[in-house]
Enquirer: 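This structure is in structure tokens; I'll ask about it shortly.
When reading the values below, keep in mind they use all heavy atoms of this one structure, side chains included, and skip hydrogens, waters and symmetry mates. In each ligand, atom 1 is the first atom listed, and ligand 1 is the first ligand listed.
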Amino acid sequence: MQVFHRKSELTNFLNSQITDFKTIGFVPTMGALHSGHLSLIQNSLKNNALTVVSIFVNPTQFNNSEDLKKYPRTLEKDIEKINTLSDKIILYAPSVEDIYEKKIESTAFNFDGIENQMEGKHRPGHFDGVGTIVKKLFEIIQPTRAYFGEKDFQQLQIVKKMVSKEKLPVKIIGCEILREPNGLAMSSRNERLSKETRQNAAIIYSFLQKAKVLFKTKSAQEILNLAKKTFQTNPYFELEYFEISDEEKLLPCLRKNKSKKYRAFIAVYVEGIRLIDNISLTE
Ligand code: PAF
């Protein structure tokens, strides 16, 4: 594996490798890699001549400094995991200075309102930080395709919106959520849960599955009420939001419209750790 810590070295290398017909697949990550990330990398390996993975804990997308401090940083282990897939992967693991130079700040984006829903409402500035880093990484790597997990579905829609508004020459590929055996969506944050809570967290996906069944006959509001009741009576999990929204604009579903696709989205706190998940309701 080739590991680069500086953008100048990475771009020199990529320029020396790339000829007209070579495609670059790109998987941006913040490290603490799990099987979900590895499946994104496998998708990229299948469909591109070169695969670049980035590992960078991006400070501008954290609205909580404690969360940024505690975010797991496990570069050596991550390298071992990537090496199990292929020894041809190119890893970019920059420092904060290499990316932001002297100004650690984000650009203000207009994502046509998607940024004001759910994660955007509860994590002010988060999507400006995501847009800023993803755009910077696209400029450095110039990928043909970039791979994002559907666990962060709102992030995926934000990145698609940025690419379409700014006419960036990259195809965004959304990849399905990978789950632990009990249904918990894979996430780097799961490592911070106690063994018992990690098991109990099965409630998140089981409620989403229930919502999917109920959505056939019940209104979104009725399911929202049930979500509140279910989590209020659970002493361990605190519900931050549960929403049923259309997939495109992520606006709450007030009345079902047959021509739209809907998803249920959830964010909960458990042991001080924030977990998110979602499920398609109309597929
Ligand atoms: O999903 C993530 O891990 C991050 O938000 C991303 C896309 C790597 C940007 O920092």
Side-chain angles (χ1 to χ4, degrees), residues 7 10 24-41 43-44 51-65 67-75 77-78 81-82 89-96 98-100 104-107 109 111 114-115 117-120 122-141 143 145-163 166 168 170-178 185-192 265 267 273-278:
K7 60 177 168 240
L10 173 69
I24 301 183
F26 174 45
V27 182
T29 81
M30 298 206 298
L33 301 183
H34 50 69
S35 312
H37 294 115
L38 300 185
S39 81
L40 300 181
I41 300 174
N43 269 332
S44 173
T51 287
V52 180
V53 176
S54 66
I55 294 183
F56 179 64
V57 181
N58 173 36
T60 63
Q61 71 186 75
F62 285 81
N63 57 318
N64 176 330
S65 55
D67 201 19
L68 171 61
K69 229 194 285 167
K70 285 196 184 143
Y71 204 87
R73 289 155 172 90
T74 54
L75 188 60
K77 272 197 196 155
D78 291 343
K81 288 182 188 167
I82 297 173
I89 294 167
I90 300 152
L91 176 64
Y92 178 43
S95 63
V96 173
D98 192 56
I99 291 287
Y100 285 102
I104 307 177
E105 56 186 32
S106 47
T107 312
F109 286 90
F111 297 114
I114 300 179
E115 71 276 28
Q117 307 301 325
M118 301 181 287
E119 291 300 287
H122 293 275
R123 303 181 67 188
H126 171 65
F127 287 125
D128 280 340
V130 170
T132 302
I133 185 61
V134 171
K135 194 169 168 210
K136 279 181 187 288
L137 291 168
F138 283 176
E139 280 163 4
I140 297 167
I141 293 153
R145 300 184 186 87
Y147 296 81
F148 293 81
E150 285 186 346
K151 183 174 83 68
D152 296 292
F153 192 84
Q154 191 173 6
Q155 166 172 280
L156 172 64
Q157 298 306 74
I158 288 274
V159 172
K160 282 185 179 166
K161 179 63 82 178
M162 179 177 78
V163 164
E166 307 213 0
L168 305 178
V170 50
K171 189 167 166 36
I172 303 303
I173 318 278
C175 302
E176 65 178 32
I177 301 173
L178 254 72
M186 288 196 182
S187 164
S188 308
R189 291 168 199 258
N190 296 354
E191 297 301 321
R192 289 164 56 197
F265 296 86
I273 295 154
R274 190 168 182 278
L275 301 174
I276 61 169
D277 200 352
N278 68 81

Enquirer: Between F62 and Y71, is the gap from one ring center to the other below 6.0 Å?
Expert: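 Yes, ring centres under 6.0 Å apart.
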Enquirer: Heavy-atom distances under 4.0 Å decide this one: backbone, side chain, both or neither, for V159 against ligand 1?
Expert: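 None of V159 does.
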Enquirer: Which of the atoms of ligand 1 are close to Q155, meaning less than 4.0 Å from one of its heavy atoms?
Expert: 1 (O), 2 (C), 4 (C), 5 (O), 7 (C)
Enquirer: Under the side chain to side chain donor-acceptor pair (under 3.5 Å) rule, what do S44 and T51 come out as? Steps first, then yes or no, please.
Expert: CA-CA 6 Å; S44 173; T51 287; 2.8 Å; yes
Enquirer: If the plane angle is over 60° it's perpendicular, under 30° parallel, otherwise tilted; pick one for H34 and H37.
Expert: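 Aromatic pair H34/H37 classed tilted.
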Enquirer: Return the set of residues passing salt bridge (charged side-chain N to carboxylate O under 4.0 Å, His left out) with D277 (not counting sequence neighbours), or none when no residue passes.
Expert: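 Partners of D277 by the salt bridge (charged side-chain N to carboxylate O under 4.0 Å, His left out) criterion, ordered by chain and then number, come out as R179.
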Enquirer: With heavy-atom distances below 4.0 Å as the criterion, list the atoms of ligand 1 near Q61.
Expert: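 In order of numbering, the contacting atoms are 4 (C), 5 (O), 9 (C), 10 (O).
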Enquirer: Could you list which atoms of ligand 1 come closer than 4.0 Å to a heavy atom of P28?
Expert: 8 (C)
Enquirer: Give the atoms of ligand 1, by number and element, whose distance to some non-hydrogen atom of I133 is under 4.0 Å.
Expert: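 So the answer, numbered in order with elements, is 9 (C), 10 (O).
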Enquirer: For M30 versus V57, what's the shortest heavy-atom pair and its separation?
Expert: O-CG2, 3.5 Å
Enquirer: Where is the nearest protein heavy atom to atom 3 (O) of ligand 1: which residue, which atom, and how far?
Expert: M30 CG, 3.6 Å
